[in-house]
Each structure stands twice: as structure tokens, then as C-alpha cells.
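See structure below.
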Amino acid sequence: MILPSYSCVLCLHDKEETLFHLLLECPFAQECWIHQGLFMDLQQEPYSILSTFKHQLQVVPFFMEVIIIISWCIWMTRNDWIFNGIHPTIQGTIIHFKHFFTLVIHRVKDTWKQPMFQWLDQSL
């Protein structure tokens, strides 16, 4: 498939939109991660970055849910801008995160619900 541009639409750096760039390297994505208290060293391999996130979220047993939902929300923000013309904002992405994380909370075991609600209230 040939597209008019392969540049990331979430940043102004005219970088090629690779998966690594979109979810980790893009300044927009980095701000989303930082807003969740997650910091990365872009010199690391992607798996090592995820491992770093896991260590930073070590107090919660649901770290993978957090990582997946943040990634999903960055992806959805990108798609909203491309397909719906909705201007991307960090705050809008965080609102999406809260919404989707709350939906996940409703599906987890009862023993996880309270810690997840507490984490959500404390982290955002």
C-alpha cells in the first residue's frame, strides 16, 4: 500500500511512523507515559523498555494491563486524528486511558478491583 506520507502525525519531527516511534519514541507518546509515571531510556531495546516499565509499576500486579491500555490509547488518539480529524491532546489520551482502565476493572476478579481503583485514583 502506498501512502502520501509515512510520517508520524502525532509529532512535528517528520519522523517515519514505525511502531517503536509511535508508541515509545514520539514526544507525544513519551508525555503520555510520563503522565502515568513511567520513564524510559530510548537507547534500550523495546523489550528492555517494557521490562523497565514493569519495574516502575512493581507495586501493582496488573502492570501489563496498564502498559497495554496506554499503548492502545496512543494508537486510538492517532487514529482519531487521521480518520476523524480530532486534534490529539495528552489530556484526551489520559481521559481515554481512565475510561478503558475502568472498563477493565469491571471485568477483573473482586480481589483486584479495589487495588486497581486505588491505583487509578492515586496515579492520575
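For the atom pair Ile69 CD1 and Gln36 CD, the distance stands at 9.5 Å (nearest 0.5 Å). Summarising the geometry, atom CD1 belonging to Ile94 is positioned 14.5 Å from atom NE2 belonging to His99; distances are rounded to the nearest 0.5 Å. To the nearest 0.5 Å, atom CD1 of residue Ile70 and atom CZ of residue Phe53 are 7.5 Å apart. Distance check: Met76 CE to Asn84 CG gives 8.5 Å after rounding to the nearest 0.5 Å. Distance check: Met40 CE to Thr52 OG1 gives 9.5 Å after rounding to the nearest 0.5 Å. Distance CD1/Ile49 to CG/Leu24: 5.0 Å, rounded to 0.5 Å.
Within the 4.5 Å cutoff, the side chain of Cys32 has heavy atoms near those of the Ile90 side chain. Under the 4.5 Å side-chain criterion, counting only non-hydrogen atoms from C-beta, Cys8 is not in contact with His13. Looking only at side-chain heavy atoms (C-beta outward), Phe28 and Thr93 come within less than 4.5 Å of each other. Side-chain contact between Met64 and Leu50: absent, with no pair of heavy atoms (C-beta onward) separated by less than 4.5 Å. Contact annotation: the side chain of Gln44 never approaches that of Ser51 to less than 4.5 Å [non-hydrogen atoms, C-beta and beyond]. Between Val104 and Met116 the shortest side-chain heavy-atom distance falls below 4.5 Å. Contact annotation: the side chain of Trp33 approaches that of Ile74 to within less than 4.5 Å [non-hydrogen atoms, C-beta and beyond].
Cluster annotation: Ile68 is connected to Leu103 through the hydrophobic network of ILVMFWY side chains, with a link wherever side-chain heavy atoms come within less than 4.5 Å. In terms of hydrophobic clustering, with Ile, Leu, Val, Met, Phe, Trp and Tyr side chains grouped at heavy-atom distances under 4.5 Å, Leu19 and Leu38 are assigned to a common cluster. Hydrophobic clustering of Ile, Leu, Val, Met, Phe, Trp and Tyr side chains at less than 4.5 Å, counting indirect connections, unites Trp75 with Phe20.
The backbone N or O of Trp119 sits less than 3.5 Å from a side-chain atom of Ser123, completing a donor-acceptor pair. One N or O on the side chain of Thr77 and one on the backbone of Cys73 form a donor-acceptor pair closer than 3.5 Å.
Applying the salt bridge (charged side-chain N to carboxylate O under 4.0 Å, His left out) test to residues at least two apart or on different chains, the pairs with a partner in residues 4-25 are Glu17-Arg78.
Taking His87 as the reference, Trp81 meet the ring pair (Phe, Tyr, Trp, His ring centres under 6.0 Å) condition, with sequence neighbours excluded. Partners of Asp41 according to the salt bridge (Lys or Arg N to Asp or Glu O under 4.0 Å) rule, which considers only residues two or more places apart in sequence or in another chain, do not exist here.
Ring planes of Phe117 and His106: perpendicular class, angle over 60° (limits at 30 and 60°).
Residues Gln56 and Gly37 approach most closely at OE1-O, 3.7 Å, considering heavy atoms. Considering every non-hydrogen atom in both Lys98 and Leu120, the closest pair reads CG-CD1, 4.3 Å. Summarising the geometry of Ala29 relative to Leu22, their closest heavy-atom pair is CB-O, 3.2 Å, with the distance given to 0.1 Å.
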Could you walk me through whether Phe97 and Trp72 pass the ring-ring contact (aromatic ring centres under 6.0 Å, His included) check? CA-CA 8 Å; Phe97 174 82; Trp72 175 251; over 10 Å; no
Check the pair Leu57 / Phe62 against side chain to side chain contact (heavy atoms under 4.5 Å, CB included), numbers first and verdict last. CA-CA 8 Å; Leu57 290 167; Phe62 44 86; over 6 Å; no
Worked verdict on Glu65 versus Val60 for side chain to side chain contact (heavy atoms under 4.5 Å, CB included): CA-CA 10 Å; Glu65 285 81 357; Val60 295; over 6 Å; no
